[in-house]
Amino acid sequence: MQSKKLLSLLLASVMALSLFACNSNAGEEVISETDSQVSEEVSEDTSDSNVIEGFGNNLVDGTNVIDDHFDDNTKGAWGVYSNGGKFDLYAENGELVVDITYAGGMEHAVQIFRDGYCLNMGCVYTVSFDIYSDIERDIEWRFQINGGDYHAYYMENEKRIGPDKQTITAEFTMGEASDPAPRLCFNLGEQGDLDASVAHKVYIDNFVLTIKDASNAMALEPLPTPVPVKVNQIGYKPDDEKILICKYNPEVTDYTIVDANNNVVYSGKLSTDFANSKSGDGAQVKGDFSDLTTPGTYKVVVDGIGESYEFTIGDDIYNDIYKDVVRMLYLQRCGCVLDESLAGDFAHDACHMQETKVYETGEVIDVTGGWHDAGDYGRYVSPGAKTVMDLFITYQDSEAARGDDLDIPESGNGVPDLLDEARYELEWMLKMQAANGGVYHKVTGTNFPETVDAMSETAPLYVAPISPTATGDFAAVMARASVIYAEFDAEFATACKEAAIKAYDYLIKNEETLTGFVNPEEIVTGEYPDGKFYDEIFWASMELYLATGDTTYFDKAKAVYAENSISGLGWADIGYYGMYSYLTADEALQTDAELAQTFIDAIVAECDENIATAEKDAYYICLERSYPWGSNMTVANHGILYTMAAKFTGDEKYASYAQHQLNYLLGANPLGYCYVTGYGSWSPTHTHHRPSQVLGQTMPGMLVGGPNTNADDPYAKAVLSSSTGGMCYVDNDSCFSTNEITIYWNSPLIYLLAQAK
Ligand code: 9MR
Ligand code: ZN
């Protein structure tokens, strides 16, 4: 322990210069001209552990870890969380003021918090602060884990405060694993004898947390060290291009591939040129072993560097993962019984059946069904539409995706399972359409639920107002559904078409006055904001033309396309779906060859632009140092776009880049993770996904969001502050901005897996 602590301390100080660099260009890793410079960079990266740098390991008695005095009348690092309460937080007269008008419901209905320090196991801390209130009341204050069950490391409740200022002091020893991102909370909501409706203020000042005795303190656990040789951990089909990515060392030139008995089956030379991922993981070289085609299970061995994880060469390598990545959608189903025979440990009764009201009108409507969006249980129309459309194009483009044997309840019914699964969402979406044709944006509680299973989110649910994006996406995907389901269920197909037309009419009628969705004040769940809805109008117009043959829709699509910049395969920008539907429609409908060529040119142009960057990247990714929230979707979407370009140009380069995107997601990335749970040798196990967290076991077949360079949650802010690009990921269930899962991150992966199958 002691030596680990010392090593950590040492590395922390060595690395201190690159602190807080997640968004910036600090920690420059741009490839150097000469070998010696490069190897210097490499040797810096080959340390035993990838320490969580920065704060937390600087353990000196007497250090004030928090030292907040509000003398400049700003609230500094203090933030708020509200769950039913109404209050304001500000600093005034050199103290922090919590101005409460309603404390309703529970003790954390009104919560103020302070993040941005670390609690080290075994360390003794003292706390001191001044507090008073306009009224006599109880309060609770606590240091807690900021995620999971939110349990307290140290807490005091039923603390009586009143108009006389008092100084509260405490001493505690951190008894649990060192936490780089704990949260100090003052819970000032309803508790004890407090009358929640009595407006009052609570004043806090001079909050100091001090290291009293660090002699038994433990350093933070280091972040895991990435494997030095990266491959797609699922493997390759015999005829696939096969590229390994290996840390560069000028002394090392050869690699071998060994089978399960450690027999060398292949020897190769590493590339002499190297590439850099701009992710701070140093220079990388490649090895092309495409001509190893014999089925088997192997690993790469590079003497002087290390080994890769195992991978398989074979024809059926993607069958299991494909099935689980689709079945994840089934396991996300809401409002129906998930039977143990199919759902195993994730079985539950019909969830989210409580009375659900339309926000503001109070009208009670039935919106049961659909998929839970993500690690939360919200159901949102636009992300659902993207997911369904990905299933449609997967079904359309891959023979291999038309199976009826994926072990969902409808398997064996004669309809391909992808379409059965998509229909489960579509049936719900139909319920989300208002009488006037507009489509409600989402259905959720007012707040994200605690870490509970689906059956235990029993708080009232609200249907959020109609939005133009939900309405446009709905119209598009329903129109497409009317074409796709016609051969299986004519009645359903007609219902979809009618609903699409109704939604479209509403959207066009209100085009000038509608504005992008913003959360109503009381609802703080996922917003999916998108103020530009011309791409949704374009997509819907195009799909309705293809579904009805009515050229009025086509003229509108053309006009909207001419006036706006249309692109995207995400939940916000979705233009490419409309273009692709046109390009793959019956020839009789593709009446405008010039427009078709414009669409192809646009798709190819974006691919070329991406590839111009990606070809300089060690992992063939074009994101450089800007990995957005859900970057694994961005990568997967690029894979779809490359596949489209390959189809229209016949150029193999695009197909190769599509495969590289899949390889990245399955292990050939800077951290060497297979980003799909339950697959590969090294994959996420602590996802931000309530059913998995409650069970203590992650659901298989989920693609996590992956690296995010914006540090969009407190855990990421704490532990990824010195990471760059594709290294900004951590497998921790508190880190929701890198380690959550969603239906629409899985769906583009479904497309790529079906292509690769
Ligand atoms: O995937 C969404 C990401 O693109 C946004 O940046 C982020 C913040 O607006 O929201 C993500 O979506 C989350 C949604 O709001 C609620 N359910 C979980 C989603 C994934 O984290
Ligand atoms: Zn549910």
Side-chain angles (χ1 to χ4, degrees), residues 147 329-338 343 346-354 356 366-384 386-387 424-425 428 431 441-449 452-459 461 464 467 469-470 516-519 523-531 568-574 626-637 687-691 693-694 702-713 715-716 728-729 733-748:
L329 297 173
Y330 159 64
L331 294 173
Q332 293 286 104
R333 285 191 194 182
C334 182
C336 66
V337 177
L338 296 195
F346 294 93
H348 60 71
D349 282 338
C351 55
H352 298 101
M353 302 298 287
Q354 60 265 52
T356 301
D366 169 21
V367 285
T368 54
W371 298 310
H372 301 140
D373 180 58
D376 63 322
Y377 300 114
R379 285 164 289 148
Y380 307 79
V381 169
S382 293
K386 173 194 166 40
T387 311
Y424 192 78
E425 182 78 349
W428 165 74
K431 298 179 182 175
H441 196 68
K442 61 173 174 177
V443 51
T444 68
T446 54
N447 281 67
F448 286 120
V452 293
D453 60 35
M455 295 302 294
S456 306
E457 190 191 16
T458 50
L461 297 179
S467 75
T469 44
F517 181 80
V518 222
N519 264 339
I523 300 182
V524 300
T525 51
E527 192 168 45
Y528 290 109
D530 178 10
L569 293 167
W571 53 260
D573 294 341
I574 41 71
S626 294
Y627 283 66
W629 188 325
S631 67
N632 282 343
M633 176 191 82
T634 312
V635 169
N637 284 348
T687 51
H688 181 82
H689 177 241
R690 283 169 180 73
Q693 288 171 268
V694 169
M702 305 190 294
L703 177 67
V704 299
N708 173 0
T709 44
N710 299 314
D712 282 315
D713 67 66
Y715 197 89
C728 291
Y729 165 81
D733 61 29
S734 291
C735 196
F736 56 84
S737 75
T738 73
N739 209 29
E740 192 170 354
I741 59 87
T742 72
I743 54 173
Y744 54 92
W745 298 339
N746 260 51
S747 60

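Because only heavy atoms are used, hydrogens play no part in the values below, and waters and symmetry mates are left out as well, while side chains stay in. Just so it is clear, the structure is predicted and the values come from calculations on it, not from any experiment. Atoms within each ligand, like the ligands themselves, are counted from 1 in listed order.
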Mark whether atom 9 (O) of ligand 1 lies under 4.0 angstrom from at least one protein heavy atom. no
The reported gap from CH2 in Trp629 to OG1 in Thr738 (rounded to nearest 0.5 angstrom) is 10.0 Å
Do the side chains of [Y] and [X] get nearer than 4.5 Å, heavy atoms only?
| X | Y | answer |
| --- | --- | --- |
| Arg690 | Asp376 | yes |
| Cys735 | Asp713 | yes |
| His689 | Gln332 | yes |
| Asp373 | Tyr744 | yes |

What N, O or S atom of His352 is found closest to the Zn ion (ligand 2)? ND1
Nearest non-hydrogen protein atom, [atom]:
| atom | answer |
| --- | --- |
| atom 4 (O) of ligand 1 | Trp571 NE1, 3.3 Å |
| atom 14 (C) of ligand 1 | Tyr528 OH, 3.3 Å |
| atom 21 (O) of ligand 1 | Glu740 OE1, 2.8 Å |
| atom 1 (O) of ligand 1 | Tyr744 OH, 2.6 Å |
| atom 15 (O) of ligand 1 | Gly526 CA, 3.1 Å |

Is ligand 1 under 4.0 Å from a heavy atom in the side chain of Trp745, in the backbone, in both, or in neither? side chain
Numbering as shown, the atoms of ligand 1 that approach [X] to under 4.0 Å (heavy-atom distance):
| X | value |
| --- | --- |
| Asp373 | 16 (C), 17 (N), 18 (C), 19 (C) |
| Thr742 | 20 (C) |
| Tyr380 | 16 (C) |
| Ala374 | 17 (N), 18 (C) |

Rounding to 10°, state the angle centred on the Zn ion (ligand 2) that links NE2 in His372 with SG in Cys351. 110°
Any side-chain to backbone donor/acceptor pair from [X] onto [Y]? Under 3.5 Å, distance only.
| X | Y | answer |
| --- | --- | --- |
| Arg379 | Val367 | yes |
| Tyr380 | Gly526 | yes |
| Ser467 | His441 | no |

Does a donor on one side chain sit under 3.5 Å from an acceptor on the other, for Asn632 and Tyr729? no
